[in-house]
Amino acid sequence: MTNVHIDTSHPYDVLIGPGLLDEAGALMKQAVGLCTAAIVTDSTVDRLYGDRLESSLRAAGYETVRTYFPAGEQHKRLGTLEAILEFLAERHLTRTDVIVALGGGVPGDVAGFAAAVYARGIRFVQVPTTLLAAVDSSVGGKTAVDLAAGKNLAGAFHQPSLVITDTDIMRDLPEALLADGAAEIIKYGVLSDPEMFEWMRNEGWKTKLDEIISRSVQIKRDFVNRDEFDTGLRQQLNLGHTFGHAIEKCSGFRLSHGQSVAIGTAIAAGAAGLEEMVGAILDANRACGLPVDVPYDATTLAASAMNDKKRKGASITLVLPERIGLCRLETIDISLLEDAFTRGIAMVEAAR
Ligand code: GLY
């Protein structure tokens, strides 16, 4: 088992290894002590892993309660949050108890937000069950629900007390869910790990999954430790996301977050004028079953990106690679965003 320690205002460990779901009770007992544990998940994950998690918690001595909401991003809404809060109140959860967020990004974000606001904040443990959640959303304390105006627009920073990542669960995931997580791993490679980038480019995620997860979490730790509240450096974790979110939105969310970020990362390298790197990123995308073409034109994508959360008035901050392993933030006037898309898309098309 690997232990990645996150040194934020509320420090915690991310435990990564095979078979950890069945040890979750014992691991949690060490980190948060015995109390009532409220498992919050979605309908799909509840069916797959709910009983195993609950048995492990009970075997360790926890009182448990459990609730789930329908699976899908469309349920990452205030109505779901309210139902969870009412459930916690009906079961008399107190501030000394703990929520266990079991699932991918949606249950993690919603249950984390419930923990941030229930009784003005209670502890929570993340048990990610997708690769994307394991390498990104379960670590760093961003919790949220979506509003009609956009994704993640209501939320809070609330660090978990522990993250338990069972790598056996990751190995069993369908290819499409692994590919989604792989997009973020390629991103981490471009941000600060040339060796891991080469693994992804040559072999995809398949041969070194446990190590890739640990290294990705270590990279995320390095950004989060230095900028917990996302005021500067942490924004580099948005590499590929401004371009990618525009693609995701234009597709009406038919393209997944990972598929969109994968192509967005290649566009970012193109916008930075790095032709060779665009080719390398497209190789990595191919190796991981991720897309290599841009399905919309620059004008359409730039118009969609105008509403990006990262826009600040008349400017927007882009994450631009300098070389594999090093990126920089560059704030540009919003009027130049379409040019950045045009440059990036042209290079992606030339390199395909
Ligand atoms: N997912 C980007 C971040 O946690 O900052």
Side-chain angles (χ1 to χ4, degrees), residues 4-12 14 16 73 76 101 103-113 115-116 124 126 128-146 150-160 163 165 177 180-193 212-249 256-262 264-265 268 305 308-312 316-321 327-329 331:
V4 182
H5 184 69
I6 312 289
D7 203 12
T8 40
S9 49
H10 295 276
Y12 55 98
V14 181
I16 301 161
E73 178 81 27
K76 193 176 147 181
V106 173
D109 279 9
V110 181
F113 193 22
F124 82 116
Q126 290 269 20
T129 61
T130 64
L131 186 56
L132 187 67
V135 298
D136 186 11
S137 56
S138 65
V139 180
K142 282 189 179 175
T143 73
V145 294
D146 301 337
K151 283 175 74 171
N152 297 326
L153 281 181
F157 285 97
H158 187 58
Q159 299 295 341
V163 182
T165 297
L177 278 181
D180 256 356
E184 299 288 347
I185 296 165
I186 294 168
K187 176 197 83 176
Y188 287 127
V190 176
L191 279 173
S192 62
D193 193 337
I212 283 170
I213 294 171
S214 299
R215 280 168 84 142
S216 297
V217 171
Q218 283 160 8
I219 293 167
K220 180 142 191 189
R221 171 203 59 198
D222 293 343
F223 283 94
V224 168
N225 279 358
R226 288 157 73 195
D227 180 20
E228 178 176 355
F229 297 106
D230 205 13
T231 57
L233 187 75
R234 183 170 175 171
Q235 290 167 23
Q236 287 202 21
L237 296 174
N238 292 327
L239 173 63
H241 283 61
T242 295
F243 300 114
H245 279 160
I247 295 172
E248 194 179 357
K249 241 164 76 188
S256 69
H257 179 74
Q259 288 173 317
S260 306
V261 166
T265 305
D308 196 284
K309 279 206 300 300
K310 293 170 278 304
R311 177 176 172 177
K312 294 183 197 88
I316 189 160
T317 300
L318 299 178
V319 189
L320 297 177
C327 294
R328 68 173 193 281
L329 294 175
T331 300

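FYI, side chains are in, hydrogens and waters are out, and symmetry mates aren't considered; it's all heavy atoms of this structure. Order of listing sets the numbers, starting from 1, for every ligand and every atom in it.
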- At what distance is the nearest protein heavy atom to atom 4 (O) of ligand 1, and which residue and atom is it? Lys220 NZ, 2.6 Å

- Item | Result of checking Leu318, Val319, Thr265 against Phe243 for side-chain contact (heavy atoms from CB on, under 4.5 Å) | Leu318

- Should the heavy atoms of other residues, nucleotides or ligands under 6.0 Å from CZ of Arg328 be counted, would the total exceed 12? yes

- Query: Is Arg234 in polar range of ligand 1, meaning some N or O pair under 3.5 Å apart?
  - Reply: yes

- Query: With backbone taken as N, CA, C and O and side chain as the heavy atoms from C-beta onward, which portion of Asp136 lies under 4.0 Å from ligand 1: side chain, backbone, both, or neither?
  - Reply: side chain

- Task: Working to the nearest 0.5 Å, report the span between NZ of Lys220 and CG of Asp136.
- Result: 4.0 Å

- Flag the pair Glu248 and Lys151 as a salt bridge only when some basic side-chain nitrogen lies within less than 4.0 angstrom of an acidic carboxylate oxygen. yes

